[in-house]
Amino acid sequence: MKKTDIIVIGAGPVGLFTVFEAGLLGLNCILIDNLDKPGGQCAELYPEKPIYDIPGVPIQTAQEHVDALLKQIKPFDYEIHLSERVDLIEEITHEDDNFWKIKTSEDKEFISKNIFIAAGAGSFEPRRPPNIEDPDKFLSNGVDYAVRSVEKYKDKEVFIFGGGDSALDWTVELSKIAKSVTLVHRRDAFRGAQHTEQQMRNLVKDKKLRLLTPYLIDSITGDKRVNSITLKNFETNDIESYNADELLFLFGLNKKLGPILDWDIDLNKKKIDVNTENFQTSKEGIFAVGDINNYPGKLDLILSGFHETTLAVQEAYKRIYPGERVPFGYTTSNSKLQ
Ligand code: FAD
């Protein structure tokens with residue numbers, strides 16, 4: 001079981017900046033995020049939108065902001081585990097001392113004196129097809145909710161479901177390498193970027209992909225992996241069968257507090273109560289920073305989260321080195337940054 005100075009739950013902007021502040025004090029971190037990429041809301045919800053209220057940075061897109069944070073923490077000691085949710089936190093005794101142990105959805109376990117919950121509005125969970133019972137029984141065996149490796153779709157019969165940017169982008173992209181791509185949507189109107197929709201429609205005209213509207217998935221068949229599906233045509237009510245290797249359901253994401261509700265920490269509506277001296281929760285050694293926390297005057301802004309985690313890291317240091325003075329120095333004198 002790996003031990004670290006700080007376990008950070010959530011790799012949004014505030015989780016990432018925690019690594020920087022911890023690094024300044026010589027502390028290492030393990031970050032875990034449910035998403036397949038770092039950046040939280042910035043990367044997932046509005047990567048192209050400009051942000052104007054980061055001090056000293058007049059304008060930056062949200063993705064540029066995430067990239068800058070990743071560059072800023074590069075000199076420091078951290079590891080990041082993506083596409084994994086933290087499900088469990090429990091107190092344990094280790095080498096005669098009290099620690100927190102966490103367990104992830106991939107059954108990994110880590111221990112630390114300090115847990116930083118930087119979970120924003122909760123973990124983003126992909127929306128499942130509503131009318132299919134337990135589609136996850138084929139997860140990674142023909143059913144996916146995100147593209148993790150383009151190679152996987154090479155020479156395969158691929159069905160993509162959805163009407164937003166992801167569905168359109170991947171339809172266009174995968175049509176270059178798949179044996180066949182079929183885009184299935186419940187109506188013949190798309191929410192994604194117009195120029196990608198046009199690209200998709202041109203590919204349909206050139207017979208490089210198939211578009212099925214208004215259709216919906218009706219059933220998935222297979223033993224251990226998907227081998228065929230049926231689709232329902234809304235206009236005729238006909239059920240049609242197709243051979244299929246890979247299904248991609250790109251219906252967007254739901255935000256869920258999920259396991260946080262079970263961690264026995266004082267909550268106020270869907271936020272975690274903290275004291276504003278060190279952003280500790282009702283449990284010693286468990287901190288909540290960024291959008292997930294609650295205190296009088298709280299603003300859900302990146303800037304506020306940066307302040308909060310800076311103070312929380314000071315307290316984390318004291319918990320690891322009780323009685324020692326927290327080293328203070330301006331970043332100019334930090335050898336890792338030169
Ligand atoms: P998040 O960015 O929400 O990241 C939290 C991460 O934790 C997520 O990736 C989630 O998957 C992960 N997570 C949650 N639970 C778990 C778990 N159990 N296990 C593993 N991972 C978990 N703010 C500004 O300052 N300026 C702006 O201009 C601005 N514009 C915005 C525009 C929009 C459209 C939106 C929606 C928000 C905007 N915000 C803006 C707000 C800003 O995005 C948030 O304040 C910021 O993202 C909070 O960062 P965070 O790190 O606390 O949480």
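Both counts, for ligands and for their atoms, begin at 1 and track the order of listing.
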With sequence neighbours excluded, residues passing side-chain contact (heavy atoms from CB on, under 4.5 Å) with Y321: L27, Y317, E324

Ring-face cation of R128 near Y145 (centre distance under 6.0 Å, axis angle within 45°): yes

Consider only side-chain N and O atoms of S228 and N243, and report whether a donor and an acceptor are under 3.5 Å apart. no

Taking ILVMFWY side chains as joined if any heavy atoms are under 4.5 angstrom apart, and letting links pass through other members, which residues group with W170? V147, V150, Y153, V158, I160, L168, V172, L174, I177, V181, L183, F190, M200, L203, V204, L209, L211, L248, L250

E133 meets the side-chain contact (heavy atoms from CB on, under 4.5 Å) criterion, sequence neighbours left out, with none

Distances under 3.5 Å, N/O of ligand 1 against N/O of the protein: list each pair and its distance.
{"from": "ligand 1", "atom 1": "2 (O)", "to": "Q41", "atom 2": "N", "distance (Å)": "2.9"}
{"from": "ligand 1", "atom 1": "3 (O)", "to": "Q41", "atom 2": "NE2", "distance (Å)": "2.8"}
{"from": "ligand 1", "atom 1": "9 (O)", "to": "D33", "atom 2": "OD1", "distance (Å)": "3.1"}
{"from": "ligand 1", "atom 1": "9 (O)", "to": "D33", "atom 2": "OD2", "distance (Å)": "2.7"}
{"from": "ligand 1", "atom 1": "11 (O)", "to": "D33", "atom 2": "OD1", "distance (Å)": "2.9"}
{"from": "ligand 1", "atom 1": "15 (N)", "to": "S123", "atom 2": "N", "distance (Å)": "3.4"}
{"from": "ligand 1", "atom 1": "18 (N)", "to": "V86", "atom 2": "O", "distance (Å)": "3.2"}
{"from": "ligand 1", "atom 1": "19 (N)", "to": "V86", "atom 2": "N", "distance (Å)": "2.8"}
{"from": "ligand 1", "atom 1": "21 (N)", "to": "N34", "atom 2": "N", "distance (Å)": "3.2"}
{"from": "ligand 1", "atom 1": "25 (O)", "to": "I302", "atom 2": "N", "distance (Å)": "3.0"}
{"from": "ligand 1", "atom 1": "26 (N)", "to": "D53", "atom 2": "OD1", "distance (Å)": "2.9"}
{"from": "ligand 1", "atom 1": "26 (N)", "to": "D53", "atom 2": "OD2", "distance (Å)": "3.4"}
{"from": "ligand 1", "atom 1": "28 (O)", "to": "K49", "atom 2": "NZ", "distance (Å)": "3.2"}
{"from": "ligand 1", "atom 1": "30 (N)", "to": "K49", "atom 2": "NZ", "distance (Å)": "3.2"}
{"from": "ligand 1", "atom 1": "39 (N)", "to": "Y46", "atom 2": "OH", "distance (Å)": "3.2"}
{"from": "ligand 1", "atom 1": "43 (O)", "to": "Y46", "atom 2": "OH", "distance (Å)": "2.5"}
{"from": "ligand 1", "atom 1": "45 (O)", "to": "D291", "atom 2": "OD1", "distance (Å)": "2.8"}
{"from": "ligand 1", "atom 1": "45 (O)", "to": "D291", "atom 2": "OD2", "distance (Å)": "3.2"}
{"from": "ligand 1", "atom 1": "45 (O)", "to": "D300", "atom 2": "O", "distance (Å)": "3.4"}
{"from": "ligand 1", "atom 1": "51 (O)", "to": "P13", "atom 2": "N", "distance (Å)": "3.4"}
{"from": "ligand 1", "atom 1": "51 (O)", "to": "V14", "atom 2": "N", "distance (Å)": "3.1"}
{"from": "ligand 1", "atom 1": "52 (O)", "to": "D291", "atom 2": "N", "distance (Å)": "3.0"}

Under 6.0 Å from the ring centre and within 45 degrees of the ring axis: does the NZ or CZ of K113 meet both conditions for the six-membered ring of F99? yes

